[in-house]
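Report on the structure given below.
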Protein chains: 2
Amino acid sequence: MAEEKNNISKADFRFMNDALVDVYDHIMRIEEETLRKSTFRDISVKEIHLIHAITLHDHKTSSEVANELRLTKGTLTTNVKTLERKGYVKRINDEQDHRVTRLTLTNKGKLLYRAHDAFHRQIVKSFIKGMDGNEVKVIKRALINLEDFLSDITQ
Amino acid sequence: MAEEKNNISKADFRFMNDALVDVYDHIMRIEEETLRKSTFRDISVKEIHLIHAITLHDHKTSSEVANELRLTKGTLTTNVKTLERKGYVKRINDEQDHRVTRLTLTNKGKLLYRAHDAFHRQIVKSFIKGMDGNEVKVIKRALINLEDFLSDITQ
DNA sequence: TAAATTGGTTTGATGTTCAAACTAAATTAC
DNA sequence: GTAATTTAGTTTGAACATCAAACCAATTTA
C-alpha cells in the first residue's frame, strides 16, 4: 500500500487544519464586508445569523431560537428587539399560549435571508467545483466523519 | 452521465451548508467546554486563539499578531496584558528596535498550545478517517477550491 | 384556588472590541 | 546634526454582545 490509511503527513495536517480554521474566519469577514456594501448595511454578521435561525416559514418561539443559537433568553430578547426596530423581524403573539412570542421575518428580512442563502449556495458550489458524483460522496463522508467525531465528544 | 458535474441537489446543498456552518460552532463549543474542565480553566476560546497566533517559536511582534488576527493594536495590547497576568505569555523587548515588543509563550503557554494543537490534530484525523490517498486528495482539492473562491472575492 | 412552572423581559455586570489621543523611539529631510 | 515625520505600542472612553438573576404574566398542577 503506497499510502497508509488514517496516517497523515505533517504537511497535510498543517494544510487541512489551517484551511479548516481560516476558511471560517474568511467567510465571516466576507459576509461582514458584503453586508457593509449592500442595502443591508445596518446589519452585522451576528444579526444575519439570527435572521437565518428565524428562517423563512416556521414561526419558531423565542426559546426555540435561543436554544438553537445557544443564547440565553435575555440575550435573544434584546437582539430581537433591535432587529424589530430595524424592520427585519416581527413578533407574533401566540393565540394558544399567551406567554409565548413567535418570531417571523418581514419582507425586508426575507429578502436578506435569501441574499444570504444565495451566498452560502455559492460557497458550497465552489467547495465541490469540478467534482463528479463519487467525489462529492467523499466530501460528504468527510463531513459526516467530522460531525460524528464532534457529537461523540459532546454527550 | 448519471450525475451532472457542478450540479448539486437541494438536499446535498442543505447537508453540506449546514455541516460547514454547524461544524465550526460545534468545534468552538467543544474547545470552550474542554478548556473549562482542564487545568486551563482560566482561558477562553478567544484567548487560546491568541496563544495559537503567538506560536511556539517565532517571536512575532505585537503588530504582526494583531494583523493576523485582524485586531487593532489597542485590542491586542489589552488581550496580551491579561494573558501575561495569567502567566501564558511574555513580552520581550526587541534589542534592535526599542519601540517593538515581541511576544512569546511561557512554559505554561507552550503546554496549552500543544494541548490545543493535539485537539486540532484529532479533528483533522477524524475528518479523513478511513480514507485512502486518493480520497484525501479529493478533500484537499475541495478545500483549495474553497480558499480560491474566497480569495477571489476579496482579491 | 393556591402553588409551582414556564416563556419572556428587564437589569446590572462583565468582557471584547474599536477609534482616537498619546508616548517613546526611530527614520527622513533639510 | 537637529527638526519634522513616521512607526510601534499603550491608554482611554465608548459601544456592543453576552450572561445570570430578579422579575412579570400566563399556564399548569396539586
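Reminder, nothing fancy here: chain letters follow the sequence lines and each chain counts from 1.
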Phosphate OP1/OP2 of [N] contacted by [X] side-chain N/O (<4.0 Å):
{"X": "B:Lys46", "N": "C:dT17", "value": "yes"}
{"X": "B:Ser63", "N": "D:dG9", "value": "yes"}
{"X": "A:Asn79", "N": "D:dA17", "value": "no"}
{"X": "B:Arg91", "N": "D:dT10", "value": "yes"}

Quiz item: Mapping B:Gly74 and A:Gln96 to their closest nucleotides on DNA chain D, which lands nearer the 5' end?
Solution: B:Gly74

Using a heavy-atom cut-off of under 4.0 Å over every strand shown, decide if [X] touches base, sugar-phosphate, or nothing.
{"X": "B:Thr75", "value": "base"}
{"X": "A:Leu71", "value": "sugar-phosphate"}
{"X": "B:Arg70", "value": "sugar-phosphate"}
{"X": "B:Glu47", "value": "nothing"}
{"X": "A:Thr77", "value": "base"}

Take atom [atom1] of [X] and atom [atom2] of [N], then tell me their distance rounded to the nearest Å.
{"X": "B:Asn67", "N": "D:dA8", "atom1": "CG", "atom2": "C1'", "value": "11 Å"}
{"X": "A:Lys73", "N": "C:dT6", "atom1": "NZ", "atom2": "C1'", "value": "7 Å"}
{"X": "A:His59", "N": "C:dG7", "atom1": "NE2", "atom2": "C1'", "value": "19 Å"}
{"X": "B:Lys60", "N": "D:dA8", "atom1": "NZ", "atom2": "P", "value": "17 Å"}
{"X": "B:Leu76", "N": "D:dA8", "atom1": "CG", "atom2": "P", "value": "14 Å"}
{"X": "A:Glu32", "N": "D:dA17", "atom1": "CD", "atom2": "P", "value": "11 Å"}
{"X": "B:Lys81", "N": "D:dT10", "atom1": "NZ", "atom2": "P", "value": "8 Å"}
{"X": "B:Arg99", "N": "D:dT7", "atom1": "CZ", "atom2": "P", "value": "9 Å"}

Quiz item: Given side chains that start at C-beta, do those of B:Leu150 and A:Asp22 come closer than 4.5 Å, heavy atoms only?
Solution: no

Quiz item: Do B:Glu68 and B:His52 have side-chain heavy atoms sitting under 4.5 Å apart?
Solution: no

Quiz item: Of the nucleotides C:dA26, D:dT18, D:dG9, which has the atom closest to the A:Thr78 side chain?
Solution: D:dT18

Quiz item: Among side-chain atoms of B:Glu31 and B:His120, is any donor-acceptor pair under 3.5 angstrom?
Solution: yes

Exercise. Using the rule that two of Ile, Leu, Val, Met, Phe, Trp, Tyr join whenever any of their side-chain heavy atoms come within less than 4.5 Å, decide whether B:Ile43 and B:Tyr113 are in one cluster.
Key: yes

Exercise. Please say whether the positively charged group of B:Lys140, taken as NZ for Lys or CZ for Arg, lies over the ring of A:Phe15, i.e. under 6.0 angstrom from the six-membered ring centre and within 45 degrees of the axis.
Key: yes

Quiz item: More 5' along DNA chain C: A:Thr101 or B:His98, using each one's nearest nucleotide?
Solution: A:Thr101

